[in-house]
Undergrad: 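Okay, handing you the structure first.
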Amino acid sequence: MQERYEPSVLEPQAQAYWDGNGSFAVAEDPSRPKYYCLCMFPYPSGRLHMGHVRNYTIGDVITRYMRMQGYNVLQPMGWDAFGLPAENAAMANGVPPAKWTYDNIAYMKRQLQSLGFGIDWSREVATCRPDYYRWNQWLFLRMLEKGIAYRKTGTVNWDPVDQTVLANEQVIDGRGWRTGALVEKREIPMYYLGITKYADDLLGALNDLPGWPERVRLMQENWIGRSEGLEIEFDVEGGGTLGIYTTRPDTLLGVTYMAVAAEHPLAQRAAQGNPDLQQFIAECQRNGVTEAALETMEKRGMPLGIHAIHPISGERIPVWVANFVLMGYGTGAVMAVPAHDQRDYEFARRYGLRIHQVVQPADGSLARIDEEAYLEHGTLINSGQFDGLDFDEAFDAFAKLFEAQGRGKRRVNFRLRDWGISRQRYWGCPIPLIHCSECGVQPVPDDQLPVVLPEELVPDGSGNPLGKNAKFLECQCPKCGQPARRETDTMDTFVDSSWYYFRYASANNDRAMVDARAQYWMPVDQYIGGIEHAILHLLYSRFWTRVMRDLGLTQVEEPFANLLTQGMVLNEIYFRKPAEGRIVYYNPADVDVVLDDKGAPVGAVLRADGQPVETAGIGTMSKSKNNGVDPQSLVETYGADTARLFMMFAAPPEQSLEWSDEGVEGAFRFMKRLWRAVHQHVQAGPLEAVLDKTALSPVQRDIRRQVHEALRKITHDIGTRRTFNTAIAAVMELMNALAKFDDRSAQGRAVLQEALEIVVLGLSPVVPHACHALWHELGHAGAVIDERWPQVDADALMRDAIEVVVQVNGKLRGRVTVPASADEATVREAALADAGVLRYVDGKPIRKFVYVRGKLANVVV
RNA sequence: GCCGGGAUGGCGGAACUGGUAGACGCACCGGACUCAAAAUCCGGCGAGCUAAUCACUCGUGAGGGUUCGAUUCCCUCUCCCGGCACCA
């Protein structure tokens, strides 16, 4: 056996073995339990980053572990290949997005292979290939037929200089990222998918997802945002009505003003001939479109000089236009109750509007509405005949009254909005529609799918190049046959990622979107990806799956049975801020940390010039902060196993992970120790005896107990808890114990052989290359990848005596050793005889004796 | 602003169901080996108090509460991270 641990030699050998044997190419096999282990596919940005390495290592550990548990495991991989960065790269380098994307895919695929992930590459998909996105188009047309897809206007960011639509991230402080021009809001026609039709289903089914983290289910629940309220029509003085929706009808008598969106017809009408209003409305056009921008901006408004009539009191209620009311949400108008809504309260304070309390705490205490709005449900006051009602009674009373008058009705409302999928961009899936001057918008017939995106175009930042490409644009109307114009909008890339996991399971079928193979594999048993996808991607996928179910394409309703949301990968951020010019960021690899004599960091210097740099703490690895670590150099220096081991050891998967070069060194040291331990054992020659459990010395029995305790722990930690860090810690602890176990007797060596076999099997999902080699060295002809996960020997776990810690009044005062079978009375007797305990009991009467079996006793005096 | 999460030694983290706070690793310190260094191995390592590795006291972001017992449950607050619908 090679004495040195040489990953650069043994890793390619192990990978060649898996490739040569097709270890990870799987076929549908109804006779075996299936396990579909899926990682979120990467955007092919150019190189893998550490977040990918972390994500795919988690998936690979689970894949290999489940394989060893006897499952038929599918772990596929593909590419989320459409999107904005390819267009940005094209603009910067003049390279077509297609070429850039395909080159990146080729490079990143090699990187994935060098990390030893057990992927079935025969099922690879890339969403930018026509054989994939044709099914986006096909399903879109089915949704159009069923009325799930429909056309309406939507709001976009418009760069008036480049004459182009900007993504939210391309708007910086209200200006276009390339032109610096003030961005305008613009209403354009778009296609929407009716996800709100499924809102109740998507919400209710969250309860059927016990394998999802509670926090993700909560976020989705809040995102869908079901509310029950009342829709009420207010009459408008001088004719017409103003419709609003409220979840607080109990506060109706507290309405002191109404607010409408800038685009609301009432505001538009009032603005005619009123330059001040016109200017205010124009200013509202320049607000951002994101919810965060709307919520954090200064709340402003102007009175329209129009009044609504309160449907109960008959009072005249002034109508305002306000920048925080959006035309796209609900009716574009709200009733304002400053006494019982904080935003209305602040607005009323600012503009001197009346604050009228109509709810008081149910316990009769006083609400200080002179300080802030009172938001709780309570008892109605100042509401005439409705005084004294509670929230539910008031809700009912108002609902009945308005329903009888035909002025309003109960309505369930969702915060969730329909999904706008139109993008005015080139590098995406074409929306399969044709515009005919005679026949209007016509769907592309199925037999003409896919509408293929030309791959040679290079965007220049001024609008969608498809709009200037005659070859793409020109077509015939499928209805009348006359020349017509092809739709140039493409689909949101979330469409691509909403169903790719179905396609892996129906790979290469050019006749159908999905086939019977998907029936075998779906649903995904374990889905792994970043927490940043907790809402949008996961919700869209759940929606898309339901649409497929309703079209009879699948029987699955929930695509992902179990979800693991991994944390971010972080690193130090170092920078200098010159007196003039921009901040310069330095990569942590080029910075030395200065320590004090206790080893605590006190500063940092740039290695190149020895001068200090400032630290901005710790943050997500990113290009802009120059704090990324290249996985490639890591693999070249230490090998894939060390990279994988560090990633799994440094933090539990759901938490953020801080990069540490020293931590990587530590992982590498452990690999060398593991290698050496097996080497020493093998060098001592062949075993002289098989393990005889009945013939072991107390020390040998003790080691064996530790081995099987560690096995029990890592089985639980990998298989159930998914805390790979603690599993690895348990193996490290065991290795420390084995290092001290120097027993060359026949049984001693048999115990060590069993221990090392369990270590190698148990670590093989995490560091598969080294374990592949070590398994052979331990005398096995077969490959470790095909071995079964070892079984815990219950006999080995038996103990004769146990230690119980003893507290007096909750403070640790002693420890007693008792037989493992000892009952409470025995423990109590032993505890009260302990010298440390006696000192604190000190003859005082014992009020209580708490005993936690096998662990702890507490004497209360 | 809203929704979700987090905070434990010098650092990353452990404590799984309310029961020994600090497993494991890193850094640091001491020792062995070496001409020397690196590598490797052995030992120490929360703070205070102490002659002391005894004992004791304090200690899990801050403040309060529940409990025989709280890192864990409840309330209030601070800071950090993720999402907020056209980044993926």
Side-chain angles (χ1 to χ4, degrees), chain A residues 40 42-43 45 80 83-85 154 156-157 165-171 213-216 218-219 221-223 225 289-297 342-343 416-417 419-420 422-425 492-494 497 530-537 539-540 565 567-568 570 593 595-601 617-620 646 649-652 654-667 669-670 672-673 676 713 716-717 720-721 723 725-726 728-733 736 739 803-807 809-812 815 836 847-850 852 855-861:
Chain A
M40 290 183 185
Y43 179 79
S45 56
D80 189 12
L84 213 46
V156 294
N157 303 303
V165 175
L166 298 179
N168 286 334
E169 74 157 8
Q170 295 173 318
V171 180
E214 177 67 24
R215 60 176 174 176
V216 176
L218 248 181
M219 280 190 262
E221 186 181 320
N222 292 333
W223 184 261
V289 297
T290 70
E291 189 183 323
L294 291 168
E295 294 278 341
T296 49
M297 74 187 175
Q342 195 58 30
R343 186 180 65 188
L416 179 69
R417 312 197 303 257
W419 174 14
S422 297
R423 298 290 180 269
Q424 297 69 42
R425 287 188 224 303
D492 180 6
T493 56
F494 275 124
S497 56
I531 182 66
E532 67 272 22
H533 295 292
I535 295 176
L536 292 179
H537 162 61
L539 194 62
Y540 291 147
T565 50
M568 307 262 150
L570 314 176
V593 176
L595 303 179
D596 67 12
D597 52 3
K598 282 184 167 177
I618 223 148
T620 328
F646 170 72
F649 179 63
E654 306 233 289
Q655 277 180 38
S656 57
L657 180 151
E658 274 182 45
W659 187 259
S660 155
D661 288 326
E662 294 79 16
V664 175
E665 284 283 352
R669 268 202 293 272
F670 176 77
K672 288 191 283 192
R673 269 208 302 278
R676 193 167 48 238
K713 179 160 177 61
H716 186 231
D717 286 355
T720 307
R721 289 176 67 205
T723 53
N725 57 325
T726 53
I728 293 163
V731 177
M732 288 176 168
E733 206 173 352
N736 291 343
E803 189 186 67
V804 174
V805 300
V806 186
Q807 299 177 333
N809 288 346
K811 296 207 170 195
L812 180 64
R815 297 160 192 276
R847 286 228 319 266
K848 196 168 171 184
F849 184 84
V850 183
V852 182
K855 270 194 161 170
L856 171 145
N858 189 11
V859 185
V860 185
V861 296

Undergrad: Give the nucleotide from the list A88(B), G1(B), U20(B) with an atom nearest to the side chain of Glu295(A).
TA: G1(B)

Undergrad: What integer number of Å spans the C1' atoms of A85(B) and C73(B)?
TA: 36 Å

Undergrad: With a 4.0 Å cut-off on heavy atoms, is Leu416(A) in touch with a base, just the backbone sugar-phosphate, or nothing at all?
TA: base

Undergrad: Regarding Val156(A), tell me which of base, sugar-phosphate or nothing describes its non-hydrogen contacts under 4.0 Å with the strands shown.
TA: base

Undergrad: Taking Watson-Crick (N1-N3 plus N6-O4 or O6-N4) and G-U wobble (N1-O2, O6-N3), each under 3.5 Å, can you produce the dot-bracket string of RNA chain B? Use [ ] for crossing pairs and | for inter-strand ones.
TA: (((((((..(((......[....))).(((((.......))))).(((.......)))..(((((..]....))))))))))))....

Undergrad: Are the side chains of Glu733(A) and Lys713(A) in contact, using a 4.5 Å heavy-atom criterion?
TA: no

Undergrad: Could you tell me whether G9(B) is syn or anti, where syn means a glycosidic angle within 90 degrees of zero?
TA: syn

Undergrad: Considering only the C1' atoms, how many Å lie between G64(B) and C81(B), rounded to the nearest integer?
TA: 27 Å

Undergrad: Would you measure the distance from the C1' atom in A62(B) across to the matching atom in A55(B) and give it in whole Å?
TA: 32 Å

Undergrad: Do you know the tightest heavy-atom contact between Met40(A) and Gly530(A)?
TA: SD-N, 3.8 Å

Undergrad: Take the protein atom OH of Tyr43(A) and the nucleotide atom P of C87(B), then report the distance between them rounded to whole Å.
TA: 13 Å

Undergrad: Determine the interplanar angle of the Trp419(A) and Tyr540(A) rings, folded into 0 to 90°, and report it as parallel if under 30°, tilted if 30 to 60°, perpendicular if over 60°.
TA: parallel

Undergrad: With C1' as the reference atom in both, quote the distance from A21(B) to U8(B) in angstrom, rounded to an integer.
TA: 8 Å

Undergrad: Would you say A14(B) has OP1 or OP2 under 4.0 Å from some side-chain N or O of Gln655(A)?
TA: yes

Undergrad: So, OP1 or OP2 of C58(B): does either fall under 4.0 Å of a side-chain N or O from Lys811(A)?
TA: yes

Undergrad: Checking contacts here: which listed nucleotide (G25(B), C16(B), A88(B)) is nearest the side-chain heavy atoms of Phe649(A)?
TA: G25(B)

Undergrad: Would you kindly check whether a donor in the side chain of Arg676(A) faces an acceptor in the base of U40(B), or vice versa, at under 3.5 angstrom?
TA: no

Undergrad: Rounding to an integer number of angstrom, what distance separates C84(B) and A39(B) when you compare their P atoms?
TA: 45 Å

Undergrad: Whole angstrom is fine here: how far is it from CG in Leu856(A) over to P in U17(B)?
TA: 18 Å

Undergrad: Measure from the side-chain heavy atoms of Glu291(A) and tell me the nearest of G12(B), C24(B), A85(B).
TA: A85(B)

Undergrad: Quick one: is G4(B) close enough that its OP1 or OP2 comes under 4.0 Å of any side-chain N or O from Asn222(A)?
TA: yes

Undergrad: Side-chain contact test, heavy atoms from C-beta onward, threshold under 4.5 Å: evaluate it for Arg673(A) versus Met732(A) and give yes or no.
TA: no

Undergrad: Who pairs with Asn168(A) by side chain to side chain donor-acceptor pair (under 3.5 Å), at least two apart in sequence or on another chain?
TA: Asn157(A)

Undergrad: Just to be sure I understand the rule, does His537(A) reach a base, reach only the sugar-phosphate, or reach nothing, if contact means heavy atoms closer than 4.0 Å?
TA: nothing

Undergrad: Looking at the side chain of Leu218(A), which of C24(B), C87(B), G4(B) is the nearest nucleotide?
TA: G4(B)

Undergrad: Looking at CZ of Arg417(A) and CH2 of Trp223(A), how far apart are the two atoms once the value is rounded to the nearest 0.5 Å?
TA: 7.0 Å

Undergrad: C24(B) C1' sits how many Å from Arg669(A) CZ, rounded?
TA: 13 Å

Undergrad: Pick the nucleotide of RNA chain B nearest each of Lys713(A) and Ile535(A); which residue has the one closer to the 5' end?
TA: Lys713(A)

Undergrad: With rounding to the closest Å, how many angstrom separate the P atoms on C11(B) and U66(B)?
TA: 33 Å

Undergrad: Using 0.5 Å steps for rounding, measure from the CG atom of Leu539(A) to the CZ atom of Phe494(A).
TA: 10.5 Å

Undergrad: Strictly under 3.5 Å: I want the nitrogen or oxygen pairs between protein and nucleotides 67-74 of chain B, one per line.
TA:
unit_1: C68(B); atom_1: O2; unit_2: Asn858(A); atom_2: ND2; d: 2.3

Undergrad: In whole angstrom, give me the gap between the P atoms of G61(B) and A15(B).
TA: 16 Å

Undergrad: Please determine if a side-chain N or O atom of Ser660(A) lies less than 4.0 Å away from the OP1 or OP2 oxygen of C26(B).
TA: no

Undergrad: Need one value for Glu532(A): base, sugar-phosphate or nothing, where a base atom within 4.0 Å counts as base even if backbone is also close, heavy atoms only.
TA: base

Undergrad: Is there side-chain contact between Phe670(A) and Phe646(A), with heavy atoms separated by less than 4.5 Å?
TA: no

Undergrad: Can you check whether Glu654(A) reaches Thr565(A) side chain to side chain, under 4.5 Å on heavy atoms?
TA: yes

Undergrad: With rounding to the nearest 0.5 angstrom, report the NZ to CG distance, Lys811(A) to Asn858(A).
TA: 12.0 Å

Undergrad: What integer number of Å spans the C1' atoms of U71(B) and G1(B)?
TA: 31 Å

Undergrad: What's the spacing between Glu214(A) CD and Met219(A) CE if we round to 0.5 Å?
TA: 10.5 Å

Undergrad: Would you indicate which nucleotide in A15(B), A39(B), C3(B) comes nearest to any side-chain atom of Thr726(A)?
TA: A15(B)

Undergrad: Separation of Trp223(A) atom CH2 from C2(B) atom P, in whole Å?
TA: 16 Å

Undergrad: Take the protein atom CG of Leu570(A) and the nucleotide atom P of C80(B), then report the distance between them rounded to whole Å.
TA: 15 Å

Undergrad: NA contact type, Glu654(A), heavy-atom cut-off 4.0 Å: base, sugar-phosphate, or nothing?
TA: nothing

Undergrad: If you only use heavy atoms from C-beta on, which nucleotide in C24(B), A88(B), U20(B) is closest to the side chain of Thr493(A)?
TA: A88(B)

Undergrad: Would you indicate what Thr620(A) reaches in the nucleic acid, counting non-hydrogen atoms under 4.0 angstrom: base, sugar-phosphate, or nothing?
TA: sugar-phosphate

Undergrad: A14(B), OP1 or OP2 - any side-chain N/O from Arg721(A) closer than 4.0 Å?
TA: no

Undergrad: Counting the atoms with a prime plus P, OP1 and OP2 as sugar-phosphate, which does Arg417(A) contact under 4.0 Å by heavy atoms, base, sugar-phosphate, or nothing?
TA: base

Undergrad: If you round to the nearest 0.5 Å, how far is NZ of Lys848(A) from CG of Asn809(A)?
TA: 11.5 Å

Undergrad: Distance check needed: A85(B) P versus Leu536(A) CG, whole Å only.
TA: 8 Å

Undergrad: Measuring from Lys672(A):NZ to Arg669(A):CZ, what's the distance to the nearest 0.5 Å?
TA: 7.5 Å

Undergrad: Picking from A85(B), G1(B), G19(B), which would you name as closest to the side chain of Ala292(A)?
TA: G1(B)

Undergrad: Measuring from the side chain of Lys855(A) (C-beta onward, heavy atoms only), which nucleotide among A88(B), U20(B), G19(B) has the closest atom?
TA: G19(B)

Undergrad: Nearest whole Å is fine: how far is C26(B) C1' from Arg673(A) CZ?
TA: 12 Å

Undergrad: Provide, to the nearest angstrom, the distance between the CD atom belonging to Glu169(A) and the P atom belonging to G83(B).
TA: 11 Å

